[in-house]
Amino acid sequence: MSPVALSLTLIFVLIPLVLSKTLHLGLEKDTLIATVRSIIQLFAVGYILKFVFESDSWTYILLMVVLMILAAVQNARKKGKSISGITWKITATIVAVEVLTQGILLGFSIVPAEAQYIIPISGMVVGNSMVLSILFLNRFTAETEAHQDRTELILSLGGTPKQAIHAQLTDAIKASMIPTIESQKTMGLVQLPGMMSGQIIAGADPVQAVQFQLLILFLLLTTAAVSSILLGFLSYPSLFNERMQLLRERGID
């Protein structure tokens, strides 16, 4: 894409700006900030990735993955302020998912152990795990607050914390996984996924692009399941004290 063609894509930014101004939505500033930030961040990442790909050093690859994980944790932890120790729990979840998925991909030689494969796939895994963590935490905190009386009733009847919180936990896990599952049901019919579309635009064989996209879809399905379930089982014990009583006042870390 030429610089002139790229500059013309700003038309797609101008349209929402005009609509926001016309309808008095007040989104002009946020739209401009988002546009400028995306331009700066993406070009910066592009030049960094070019350097990392050319160096092909495992040190730089690991640094990129660590940076992505730290950014994801920092964003996701804001949604779990009511759960004690949520920062390390999200970190453990994302790291576990990354190690599991990359271990399978590299261990079975599904993809080459090269930066151009590891970093983009890690970005998809970490990003999806972050989104799943946010979805889970939003639903789980809402469920626990809405059903405190039922939880305390089960505890008073001799139930364990796991039994008392089971319904809220499973509801939150299912709710966080549903978007991933539902999007895969219509994949190829309603939408062409980003990775597949990018490869086709770059001139790759469509069938080969489909194979890589299936890899990503199956990968993200595991990411969704492991992220929500692992974070759920790490989080729920923090809602109770050592006497198996529900804690009503909780705080981050």
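Contact detail for Phe136 and Ser235: the closest heavy-atom pair is CE2-OG, 4.5 Å. Across Pro179 and Ala175, no two heavy atoms sit closer than the pair CD-O, 3.3 Å. Nearest heavy atom pair, residue Leu155 against residue Gly159, reads CD2-O, 3.5 Å. Nearest heavy-atom pair across Val52 and Ala115 is CG1-CB, 4.3 Å. Here the closest non-hydrogen pair linking Asn128 and Thr223 is ND2-CG2, 3.7 Å. Taking all atoms of both residues into account, the shortest heavy-atom contact from Arg77 to Ile86 is O-CG2, 4.0 Å.
Side-chain contact between Thr144 and Phe140 is present, with at least one heavy-atom pair separated by less than 4.5 Å. Side-chain atoms of Gln211 and Leu214, non-hydrogen and from C-beta on, never get closer than 4.5 Å to each other. In this structure the side chain of Thr31 never reaches within 4.5 angstrom of the side chain of Ser20, judged on heavy atoms. Ile48 places a side-chain heavy atom less than 4.5 Å from the side chain of Met64. Between Leu105 and Leu219, the closest side-chain pair of non-hydrogen atoms falls below 4.5 Å. The closest side-chain heavy-atom distance from Leu106 to Ile118 is below 4.5 Å. Side-chain contact between Ile121 and Gln102 is present, with at least one heavy-atom pair separated by less than 4.5 Å. Side-chain contact between Thr93 and Leu234 is present, with heavy atoms from C-beta onward closer than 4.5 Å.
In this structure, Ser38 contributes its side chain and Thr35 its backbone to a donor-acceptor pair below 3.5 Å. Thr141 contributes a side-chain N or O that, together with a main-chain N or O of Asn138, makes up a donor-acceptor pair within less than 3.5 Å. A donor-acceptor pair under 3.5 Å is formed between the side chain of His147 and the backbone N or O of Glu143.
Among residues two or more places apart in sequence or in another chain, the side-chain contact (heavy atoms from CB on, under 4.5 Å) test is passed with Val18 by Leu14, Thr22. With sequence neighbours excluded, the residues that form a side-chain hydrogen bond (donor to acceptor under 3.5 Å, both in side chains) with Ser129 are Ser227.
Residues Leu63 and Leu49 share a single hydrophobic cluster, defined by chaining ILVMFWY side chains whose heavy atoms lie under 4.5 Å apart. Both Val111 and Met124 belong to a single network of hydrophobic side chains, linked directly or stepwise wherever heavy atoms of I, L, V, M, F, W or Y lie under 4.5 Å apart. Ile110 and Tyr117 fall within a single hydrophobic cluster, where Ile, Leu, Val, Met, Phe, Trp and Tyr side chains are chained together by heavy-atom contacts under 4.5 Å. There is no path of hydrophobic side-chain contacts, each under 4.5 Å, that joins Leu135 to Leu221. Hydrophobic clustering (side-chain heavy atoms under 4.5 Å, transitive across Ile, Leu, Val, Met, Phe, Trp, Tyr) groups Leu27 together with Leu23.
Between Tyr236 and Phe233, the ring planes lie perpendicular to each other; the angle is over 60°, past the 30° to 60° tilted range.
Here OG of Ser176 is found 8.5 Å from CD1 of Ile229. Values are rounded to the nearest 0.5 Å. Annotation: the span from Ile40 atom CD1 to Arg37 atom CZ amounts to 9.0 Å, rounded to 0.5 Å. Taken from OG1 in Thr91 to CD in Gln74, the straight-line distance is 9.5 Å, to the nearest 0.5 Å. Of the inter-residue distances, the one linking Leu70 atom CG with Ile94 atom CD1 reads 9.5 Å to the nearest 0.5 angstrom. The distance from the CD1 atom of Ile165 to the CD atom of Gln163 is 12.0 Å, given to the nearest 0.5 Å. With values rounded to the nearest 0.5 angstrom, Leu100 atom CG is found 10.0 Å from Leu230 atom CG.
The aromatic ring centroids of Tyr60 and Phe51 lie less than 6.0 Å from each other.
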*asked:* For Arg150 and Gln168: C-alpha separation, side-chain torsions, deciding distance, then whether side chain to side chain contact (heavy atoms under 4.5 Å, CB included) applies.
replied: CA-CA 10 Å; Arg150 184 173 69 182; Gln168 296 92 304; 3.6 Å; yes
*Go through the steps to decide whether Glu98 and Ser122 satisfy the test side chain to side chain contact (heavy atoms under 4.5 Å, CB included), and finish with yes or no.*
CA-CA 7 Å; Glu98 171 70 4; Ser122 293; 2.6 Å; yes
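Looking at Leu17, Val13, Leu19 one by one, the single match for side-chain contact (heavy atoms from CB on, under 4.5 Å) with Ile15 turns out to be Leu19.
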